[in-house]
Q: 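Handing you a structure now.
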Amino acid sequence: MLFIHFKTLFSFAFYKRLAQLSGRQTIGFVAYLFFVAVLVCFFFTGSVISKNLPVFLKNFPQVTFEKGVLTAPDKPVSAPIPGTDFKIVFDAAAQMPPTAQELLQQNTLAWIHQNQLYIPSTTGLQQQTIPDTVTFTSTPETLEKYKSSLSASLRLTLFILSLFFIALTLLMDFILALGVALFFNLWRQAHLPRITLVKLAAFLLGPLTVLWLVRLWINIPLFGLAQFILCVIYLQQIFNVYQGEPHEN
């Protein structure tokens, strides 16, 4: 699979051979990409947590929970998320929670009030109850004591979230690649079978996956446009191969 992945990056002509592989082999390649992406994301999130968790805990405000209820301080305080513009806000004195739109505008990742945790989203304000077993004051000593367990919990949470994120990303990339392939098939009047277009789109996930994994470390402006342009370039050359026109490997 590693050899196939390498060829999907650098050989347009190889896609014609890939389209002749069985459906099981095609699914196996997608499964391989999923595994690689999960592995890369696991180590990436681990490095991010190791780098930023100490900074986050250092700047964490002193708050007090008694049996799951936020009791202090009596004015809003926030814990900034390192490397981002987002923050977690603790507000024991508020009468009612802000709207999801207000929290999103203020780059608030989570808002804690009394025994409730509020998480804003585009669909509304999600609400979770803090367990009544939570009783502590966030002193530097307390935070240091729970640093290891917090790090492990974050890694597990991000790992689980990455499974859904990567599956969704692969699906969206496949739909994009298939849409561009259908367009070229009509425009170039290549008359390629639908199953061939499906396989070409599946193997185009090779370079598309590398592109968004690179994005983890390097900011790519207009990333959606970059993905579209990549699909256009690759499929133009792939259709040149099918129609016998000059192409580059």
Side-chain angles (χ1 to χ4, degrees), residues 37-169 212-213 215-219:
V38 168
L39 191 62
V40 172
C41 285
F42 177 77
F43 285 106
F44 173 77
T45 54
S47 65
V48 169
I49 291 172
S50 298
K51 177 182 178 181
N52 293 302
L53 184 58
V55 179
F56 175 72
L57 295 179
K58 180 180 179 181
N59 297 321
F60 199 87
Q62 183 168 315
V63 297
T64 299
F65 284 89
E66 295 181 4
K67 296 182 178 180
V69 178
L70 178 65
T71 59
D74 56 2
K75 60 181 180 179
V77 293
S78 61
I81 307 298
T84 74
D85 295 326
F86 294 100
K87 58 188 176 182
I88 300 173
V89 176
F90 301 84
D91 194 344
Q95 298 300 314
M96 59 184 298
T99 65
Q101 184 177 5
E102 289 173 337
L103 293 178
L104 290 172
Q105 290 174 347
Q106 297 167 7
N107 291 331
T108 301
L109 192 64
W111 191 84
I112 295 93
H113 171 60
Q114 295 183 357
N115 67 335
Q116 298 296 317
L117 168 67
Y118 299 89
I119 301 175
S121 68
T122 54
T123 58
L125 200 60
Q126 302 177 22
Q127 183 176 346
Q128 298 180 11
T129 300
I130 300 173
D132 57 12
T133 55
V134 177
T135 298
F136 73 95
T137 298
S138 57
T139 62
E141 293 76 18
T142 303
L143 295 175
E144 184 64 28
K145 177 181 177 181
Y146 291 103
K147 180 180 176 180
S148 297
S149 59
L150 179 58
S151 176
S153 298
L154 284 173
R155 294 197 69 166
L156 177 61
T157 301
L158 291 176
F159 174 75
I160 295 174
L161 289 176
S162 72
L163 299 179
F164 295 98
F165 170 77
I166 292 169
L168 180 61
T169 300
W212 70 259
L213 287 177
R215 190 193 183 194
L216 294 176
W217 283 272
I218 303 174
N219 181 42

Q: Please evaluate residues Phe65 and Ile112 with respect to the criterion side chain to side chain contact (heavy atoms under 4.5 Å, CB included), reporting the C-alpha separation (whole Å), side-chain torsions for both, the decisive distance (0.1 Å), and the verdict.
A: CA-CA 11 Å; Phe65 284 89; Ile112 295 93; 3.9 Å; yes
Q: Would you check if the side chain of Ser138 reaches a backbone N or O of Pro61 as a donor-acceptor pair within less than 3.5 Å?
A: yes
Q: Indicate yes or no for a side-chain donor-acceptor contact from Ser151 to the backbone of Lys147 under 3.5 Å, with no hydrogens or angles considered.
A: no
Q: For residues 64-76, which residue pairs pass the side-chain hydrogen bond (donor to acceptor under 3.5 Å, both in side chains) check, not counting sequence neighbours?
A: Thr64-Thr137
Q: Looking at every non-hydrogen atom in both residues, tell me the closest pair between Ile130 and Gln114 and how far apart they are.
A: CD1-O, 4.3 Å
Q: How close do Gln127 and Gln116 get, heavy atom to heavy atom, and via which atoms?
A: NE2-OE1, 2.8 Å
Q: Would a 4.5 Å heavy-atom cut-off, applied to side chains only, mark Asn115 and Asp132 as touching?
A: no
Q: Should the heavy atoms of other residues, nucleotides or ligands under 6.0 Å from CD of Gln105 be counted, would the total exceed 12?
A: yes
Q: Rounded to the nearest 0.5 Å, what separation is found between the OG1 atom of Thr169 and the CH2 atom of Trp212?
A: 5.0 Å
Q: Calculate, to the nearest 0.5 Å, the distance between atoms CG and OG1 belonging to Leu150 and Thr157 respectively.
A: 9.5 Å
Q: Counting neighbours of CZ on Phe136 that are heavy atoms of other residues, nucleotides or ligands and sit closer than 6.0 Å, is the number greater than 12?
A: yes
Q: So, taking the atom named CG in Leu117 and the one named CH2 in Trp111, what distance separates them when rounded to the nearest 0.5 Å?
A: 10.5 Å
Q: Please tabulate, for side-chain N and O atoms in residues 43-54, each donor-acceptor pair with protein atoms closer than 3.5 Å (sequence neighbours left out).
A:
unit_1: Thr45; atom_1: OG1; unit_2: Cys41; atom_2: O; d: 2.9
unit_1: Thr45; atom_1: OG1; unit_2: Phe42; atom_2: O; d: 3.0
unit_1: Ser47; atom_1: OG; unit_2: Phe43; atom_2: O; d: 3.4
unit_1: Ser47; atom_1: OG; unit_2: Phe44; atom_2: O; d: 2.7
unit_1: Ser50; atom_1: OG; unit_2: Gly46; atom_2: O; d: 2.9
unit_1: Asn52; atom_1: ND2; unit_2: Val48; atom_2: O; d: 3.0

Q: Mind checking the CG-CG spacing from Leu163 to Leu168? Nearest 0.5 Å is all I need.
A: 12.5 Å
Q: Check residues 81-93 and write down every donor-acceptor pair under 3.5 Å in which the side-chain atom is one partner and the other belongs to a residue at least two apart or another chain.
A:
unit_1: Thr84; atom_1: OG1; unit_2: Ile81; atom_2: O; d: 2.9
unit_1: Thr84; atom_1: OG1; unit_2: Phe86; atom_2: N; d: 3.1
unit_1: Asp91; atom_1: OD1; unit_2: Ala93; atom_2: N; d: 3.3
unit_1: Asp91; atom_1: OD1; unit_2: Ala94; atom_2: N; d: 3.2

Q: Below 30° counts as parallel, above 60° as perpendicular, anything between as tilted: where do the rings of Phe56 and Phe60 land?
A: perpendicular
